[in-house]
Visitor: 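There's a structure below that I have some questions on.
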Amino acid sequence: MEQATHPSAARAVAVWIALLVLTAATWRLAYVDRGAFGFFVGMAIALTKATLVALFFMHLWDQRATQRLVFLVALAFLVILGGLTLADGVARFPPSIERGPPLPVPRR
Amino acid sequence: MGIGARVEEHFQDFAQQAHAARLGMWLFLATESLLFGVLLIGYAFYRSLFPAVFALASRRLDITLGTANTFVLITSSFTVALGLHLLRAGRRALAAAALSITVALAVTFLLVKGFEWANDFREGIYPGTGSPQAPLTAPGAALFYTLYFLMGGLHGLHVMVGAGLLAWLDARTIRGSLTPEYTTPLEVVALYWHLVDIIWIFLYPLLYLVT
């Protein structure tokens with residue numbers, strides 16, 4: 001039967017430092033005028049951080065595939081749900097949907 | 001096996017029981033992901049309709065406190081992982097210390113959050129349209145602030161539950177009812193705690209860093 005391997009504490013420290021650096025990077029990025037591209041960079045950093053936590057702190061890297069499967073299925077359903085919902089928003093036009101005015105957004 | 005490590009009769013052996021416990025927690029975490037995921041989809045939907053208002057509304061939030069809390073929660077995720085590692089390695093006193101730090105960090109997170117919300121209320125930022133003195137009343141601002149309080153509040157509730165469970169497991173570690181051979185309760189609570197951390201990892205840029 002499975003006995004989860006016991007990875008070293010050094011790995012946990014390395015992941016922690018990586019998470020701190022990535023958090024600092026997201027925070028500094030918010031002060032750079034970056035527009036839509038910046039949003040994707042911010043989300044890519046968040047996804048990277050979440051993946052690091054899931055793989056190493058939550059031991060998905062070390063353990064059986066069943067747990068990965070459970071979590072990935074939940075994420076797959078979220079993608080379906082979110083994709084269809086957002087597609088609905090994109091496909092609608094006024095007056096069936098209200099859109100915000102284009103206001104000037106000053107730099108931080 | 002230590003206290004509480006009894007194999008229930010419907011399991012073949014200890015390893016199978018531990019695996020079932022872990023899988024059960026993952027199933028729960030899957031439903032939690034859907035719960036928060038639906039809120040995030042709602043957020044994405046309205047942000048796509050009111051991009052400028054969401055950016056302006058986000059400016060009013062305290063980016064310093066939000067960032068500080070991100071560091072606090074990420075570090076608590078690390079200390080609980082370390083606590084589990086130390087317990088398995090037989091370093092009970094150090095494991096208990098790591099868990100105590102985790103609980104302290106969770107409480108810090110909640111205190112900062114409370115302080116932040118008190119400031120928001122003083123400025124007239126509430127769920128919904130806010131007070132007449134609210135800094136931003138454009139259409140869409142109410143949606144942003146409602147989601148800010150709803151997602152932050154639901155997440156805070158999870159932090160409270162996690163802090164309570166971790167304090168209980170800290171006491172069990174000190175008492176010796178968790179042993180290097182029997183770490184299942186700490187393992188599954190640590191999984192839950194890491195998910196709470198992951199949720200905040202997404203909430204942080206979406207609430208505080210909108211551009």
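Naming convention: chains lettered A, B, ... in sequence-line order (proteins, then strands); numbering from 1 in each chain.
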Visitor: What pairs with B/Ser33 under side-chain hydrogen bond (donor to acceptor under 3.5 Å, both in side chains), at least two apart in sequence or on another chain?
Guide: none
Visitor: Distance check, rounded to the nearest 0.5 Å: A/Phe39 atom CZ versus B/Leu209 atom CG?
Guide: 11.5 Å
Visitor: Measure across B/Gly37 and A/Leu78 and return the closest heavy-atom pair with its distance rounded to 0.1 Å.
Guide: CA-CD2, 3.6 Å
Visitor: List, one per line, each side-chain donor-acceptor pair under 3.5 Å for residues 10-25 of chain A, sequence neighbours excluded.
Guide:
unit_1, atom_1, unit_2, atom_2, d
A/Arg11, NH1, A/Asp62, OD1, 3.3
A/Arg11, NH2, A/Asp62, OD2, 3.1
A/Trp16, NE1, B/Thr75, OG1, 3.3
A/Thr23, OG1, A/Leu19, O, 2.8
A/Thr23, OG1, A/Lys49, NZ, 2.9

Visitor: For B/Leu195, which atoms come within 4.5 Å of any heavy atom of chain A: side chain, backbone, both, or neither?
Guide: both
Visitor: From A/Thr66 OG1 over to B/Trp26 CH2, what is the distance, rounded to the nearest 0.5 angstrom?
Guide: 11.0 Å
Visitor: Please look at A/Leu72 and chain B and tell me whether the side chain, the backbone, both or neither of the residue comes under 4.5 angstrom of a heavy atom of that chain.
Guide: neither
Visitor: Measure across B/Phe45 and A/Gly89 and return the closest heavy-atom pair with its distance rounded to 0.1 Å.
Guide: CE1-CA, 3.4 Å
Visitor: Does any heavy atom of chain B fall under 4.5 Å from the side chain of A/Leu69, the backbone, both, or neither of them?
Guide: neither
Visitor: Heavy atoms only, distances under 4.5 angstrom: which of B/Ile63, B/Leu206, B/Leu82 has the most pairs with chain A? Name it, please.
Guide: B/Ile63
Visitor: Rounded to the nearest 0.5 Å, how far does CD1 of B/Ile201 lie from OG1 of A/Thr48?
Guide: 10.0 Å
Visitor: Search all heavy atoms of A/Val53 against all heavy atoms of B/His194 and return the closest pair with its distance.
Guide: CG1-CB, 3.8 Å
Visitor: Can you tell me which portion of B/Ala44 sits under 4.5 Å from chain A's heavy atoms? Options are side chain, backbone, both or neither.
Guide: both
Visitor: Go through B/Ile41, B/Ile199, B/Val53 and name the one with the most non-hydrogen pairs under 4.5 angstrom from chain A.
Guide: B/Ile41
Visitor: Give the member of B/Phe54, B/Trp193, B/Phe71 that has the highest number of heavy-atom pairs under 4.5 Å with chain A.
Guide: B/Phe71
Visitor: Within a 6.0 Å radius of atom CZ on B/Phe115, are there more than 12 heavy atoms belonging to other residues, nucleotides or ligands?
Guide: no
